[in-house]
Every structure is written in structure tokens, then in C-alpha cells.
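Scroll down for the structure; my scribbles are underneath it.
Note: hydrogens, waters and symmetry copies are ignored here, and every other heavy atom, side chains too, is used.
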Amino acid sequence: MQNYKDFLDYVLIDEISLQKRIAELGAEINQDYTGQDLMLICILRGGITFMVDLMRHVTVPHVMDCMAISSYGVGARSSTGNVRVTYDLQNNIEGRNVLLVEDIVDSGHTISHVLQMLNTRNPKSLKVCALLDKEERREVIVPVHYRGFSIPNAYVFGYGLDIDEYYRNLPFIGVVDLEKYKPES
Ligand code: IMP
């Protein structure tokens with residue numbers, strides 16, 4: 001894998017701005033769920049970094065669970081609309097207030113599929129918290145109740161988001177210069 005500095009076009013959201021906004025989202029969630037039971041559900045793998053940082057700001061008592069979805073073919077840069085659950089929740093969500101924690105909403109196919117599936121399990125409420133939202137790419141209408149940042153139509157990486165599975169560890173969100181990025185064959 002190339003050094004990311006060779007294909008980083010520019011830093012879209014730096015570490016300080018990310019952490020500040022995540023603290024604000026946590027405060028909003030605390031206000032809205034005061035006195036209510038809450039279950040946070042992380043959509044693996046992209047949502048994991050965001051989930052861990054967000055949880056530290058959620059002071060209302062809550063439990064967490066994870067599910068994994070596969071929506072992109074290996075190496076693909078756009079959603080296929082083929083969404084599959086590859087790892088399901090370990091908890092029953094019936095009668096519970098569920099908040100999905102997602103890295104990015106792009107076409108909307110992934111979150112739309114997850115919402116439809118989880119709604120059949122009769123949660124008390126079901127909401128979406130997405131760190132990033134590429135609204136202009138939307139193909140299906142989905143609700144985003146808590147939105148970290150609206151971002152332009154560009155391929156981004158870092159802070160949980162990958163480029164061919166690499167660089168999820170970076171503390172910022174960067175834009176990939178697709179002309180400089182050389183995928184391994
Ligand atoms: P959607 O189904 O098109 O909304 O895609 C959602 C999923 O695609 C996200 O959870 C990410 O895993 C992935 N994704 C979409 N855009 C990007 C991007 O710019 N960088 C990295 N992953 C992305």
C-alpha cells in the first residue's frame with residue numbers, strides 16, 4: 001500500500017474539528033434521550049472509530065451492540081445497492097430506543113436496508129447518527145437524525161473510513177486524489 005501522503009488530495013476535516021463536533025453530537029443525544037433507555041448500534045467496520053469517541057460523550061445510560069454490513073464489492077468505489085448482513089446483533093431490540101451509528105451515508109442503500117430490517121424487530125424508536133453525509137449522492141431517501149458534517153461528493157478516508165481497507169486509523173478525514181492512488185492488483 002502506498003503512503004497515504006502520496007494520494008491525499010487535502011484534509012477535509014481535521015482532528016480538532018472532528019472531536020469538537022462529536023462532543024456536540026453527544027450533547028444533543030444526551031438531551032434527547034434523558035431519562036430513556038438507549039442502545040447504540042455501531043455499523044462495522046467504518047463506524048467503529050466514531051462510535052468509540054461518541055460513546056465517551058454519551059452520558060445517558062446505554063448499551064452498545066454491533067452489526068456488519070457488506071454493501072461495496074472489493075475495491076469498488078460506489079454502492080452496488082447489494083446490501084448483506086454479515087454479522088448480526090447479539091441483543092434483542094424489541095421495545096428499545098435504538099440509535100444507529102454510521103460513518104457515512106452516501107447513496108443511502110446501506111442505511112435504508114438496515115432500517116427496514118431493524119424495524120421488523122419492533123424497536124420503540126429507531127434513529128440514525130451519521131458522522132458524514134454526502135447528500136448529493138443520495139439514491140434513496142433516508143432519515144439522518146444526527147449529522148456530523150455534510151461533505152461534497154469525493155472519496156474520503158481516515159477516521160474509520162478505508163481506502164481498500166487501509167488507513168482507517170488516521171485521526172482526520174482526507175480526500176483521495178484518485179489520479180494519484182494506485183490500487184494493488
Ligand atoms: P451507501 O450505501 O452508498 O450509503 O454507502 C455507505 C457505506 O459505503 C459506508 O458505510 C462506507 O462504508 C462506504 N462509503 C461510502 N462513501 C465512502 C467514502 O467516501 N469512503 C469510504 N467509504 C465510503
Side-chain angles (χ1 to χ4, degrees), residues 4-5 7-69 71-72 77 79 97-112 114-115 118 125-163 165-177:
Y4 75 85
K5 290 179 183 163
F7 58 77
L8 173 67
D9 193 357
Y10 59 95
V11 172
L12 180 65
I13 311 170
D14 65 26
E15 185 174 0
I16 291 174
S17 309
L18 277 171
Q19 294 303 330
K20 181 170 171 281
R21 184 71 189 119
I22 292 165
E24 289 169 1
L25 289 172
E28 268 183 65
I29 291 166
N30 290 332
Q31 216 169 31
D32 295 352
Y33 289 92
T34 299
Q36 298 186 60
D37 180 59
L38 175 62
M39 186 189 291
L40 298 177
I41 294 181
C42 176
I43 311 288
L44 298 173
R45 284 160 286 187
I48 199 160
T49 318
F50 176 38
M51 175 72 147
V52 169
D53 283 346
L54 181 68
M55 274 173 71
R56 288 192 262 236
H57 294 284
V58 176
T59 52
V60 295
H62 62 277
V63 297
M64 66 90 84
D65 204 341
C66 299
M67 66 190 301
I69 309 294
S71 58
Y72 278 34
R77 305 261 173 272
S79 183
N97 295 305
V98 173
L99 181 57
L100 294 177
V101 178
E102 170 73 308
D103 54 352
I104 186 166
V105 181
D106 185 17
S107 68
H109 286 297
T110 305
I111 212 72
S112 166
V114 172
L115 286 171
L118 294 185
S125 67
L126 182 56
K127 291 190 174 179
V128 175
C129 175
L131 179 65
L132 307 176
D133 191 350
K134 282 192 213 170
E135 286 169 275
E136 65 184 272
R137 294 253 309 162
R138 205 67 98 251
E139 289 171 17
V140 286
I141 296 170
V142 287
V144 179
H145 304 91
Y146 302 93
R147 177 184 290 105
F149 300 88
S150 283
I151 64 165
N153 178 12
Y155 199 85
V156 292
F157 71 114
Y159 198 75
L161 293 113
D162 72 303
I163 173 94
E165 293 302 328
Y166 285 84
Y167 294 122
R168 294 185 194 271
N169 56 308
L170 297 174
F172 58 82
I173 304 280
V175 171
V176 178
D177 181 337

Nearest 0.5 Å, what's the [atom1]-[atom2] distance between [X] and [Y]?
{"X": "Met64", "Y": "Met39", "atom1": "CE", "atom2": "CE", "answer": "11.0 Å"}
{"X": "Arg137", "Y": "Ile104", "atom1": "CZ", "atom2": "CD1", "answer": "9.0 Å"}
{"X": "Ile69", "Y": "Arg45", "atom1": "CD1", "atom2": "CZ", "answer": "11.5 Å"}
{"X": "Ile111", "Y": "Glu102", "atom1": "CD1", "atom2": "CD", "answer": "4.5 Å"}
{"X": "Leu131", "Y": "Ile22", "atom1": "CG", "atom2": "CD1", "answer": "5.5 Å"}
{"X": "Phe149", "Y": "Arg21", "atom1": "CZ", "atom2": "CZ", "answer": "6.5 Å"}

Check whether any side-chain heavy atom of [X] lies under 4.5 Å from a side-chain heavy atom of [Y], and answer yes or no.
{"X": "Leu132", "Y": "Phe50", "answer": "no"}
{"X": "Arg147", "Y": "Glu135", "answer": "yes"}
{"X": "His109", "Y": "Val140", "answer": "yes"}
{"X": "Leu54", "Y": "Ile29", "answer": "yes"}
{"X": "Ile41", "Y": "Met67", "answer": "yes"}
{"X": "Leu40", "Y": "Cys129", "answer": "no"}
{"X": "Tyr33", "Y": "Leu99", "answer": "yes"}

Heavy-atom pair with the smallest gap, counting every atom of [X] and [Y]:
{"X": "His57", "Y": "Ala23", "value": "CE1-CB, 3.6 Å"}
{"X": "His62", "Y": "Val58", "value": "CE1-O, 3.3 Å"}
{"X": "Met51", "Y": "Asp65", "value": "CE-O, 4.3 Å"}
{"X": "Ile173", "Y": "Gly158", "value": "CD1-O, 3.6 Å"}
{"X": "Val105", "Y": "Val144", "value": "CG2-CG2, 4.3 Å"}
{"X": "Val142", "Y": "Gly108", "value": "CG1-O, 3.6 Å"}

Problem - Qualifying residue, where the test is side chain to side chain contact (heavy atoms under 4.5 Å, CB included) with Ile163 and the options are Leu8, Val176, Val156 - result: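 So the option named by the test is Val176.
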Handout entry: Residues, nucleotides or ligands: over 12 heavy atoms within 6.0 Å of Glu136 CD
Key =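 Enclosed: over 12 neighbouring heavy atoms sit under 6.0 Å from CD of Glu136.
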Handout entry: Output field: ring centroids Tyr166/Tyr4 closer than 6.0 Å
Key =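 That pair fails the under 6.0 Å test.
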Practice task
Inspect the contact between Asp133 and Arg138 and indicate whether a charged nitrogen and a carboxylate oxygen are less than 4.0 angstrom apart.
Solution key: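 Between Asp133 and Arg138 there is a salt bridge, with a charged N closer than 4.0 Å to a carboxylate O.
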Exercise for the section: Indicate yes or no for a side-chain donor-acceptor contact from Lys134 to the backbone of Ala154 under 3.5 Å, with no hydrogens or angles considered. Expected result: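 Yes; judged by distance alone, with no hydrogens or angles, the pair exists.
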Practice task
Indicate yes or no for a side-chain donor-acceptor contact from Ser17 to the backbone of Ile13 under 3.5 Å, with no hydrogens or angles considered.
Solution key: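 Absent.
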Problem - Whether Phe157 and Phe172 hold their rings parallel, tilted or perpendicular, with breakpoints at 30° and 60° - result: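 Ring orientation of Phe157 relative to Phe172: perpendicular.
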Exercise for the section: For Asn169 and Tyr159, test the side chains for any donor-to-acceptor distance below 3.5 angstrom and give the result as yes or no. Expected result: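 No, no side-chain donor-acceptor contact under 3.5 Å.
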Practice task
Classify the side-chain pair Tyr10/Asp177 by whether it contains a donor and acceptor separated by less than 3.5 Å.
Solution key: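 There is no such pair (donor and acceptor under 3.5 Å, judged by atom type) between the side chains of Tyr10 and Asp177.
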Exercise for the section: Please lay out, stage by stage, how Ile43 and Asp103 fare under the test side chain to side chain contact (heavy atoms under 4.5 Å, CB included). Expected result: CA-CA 8 Å; Ile43 311 288; Asp103 54 352; over 6 Å; no
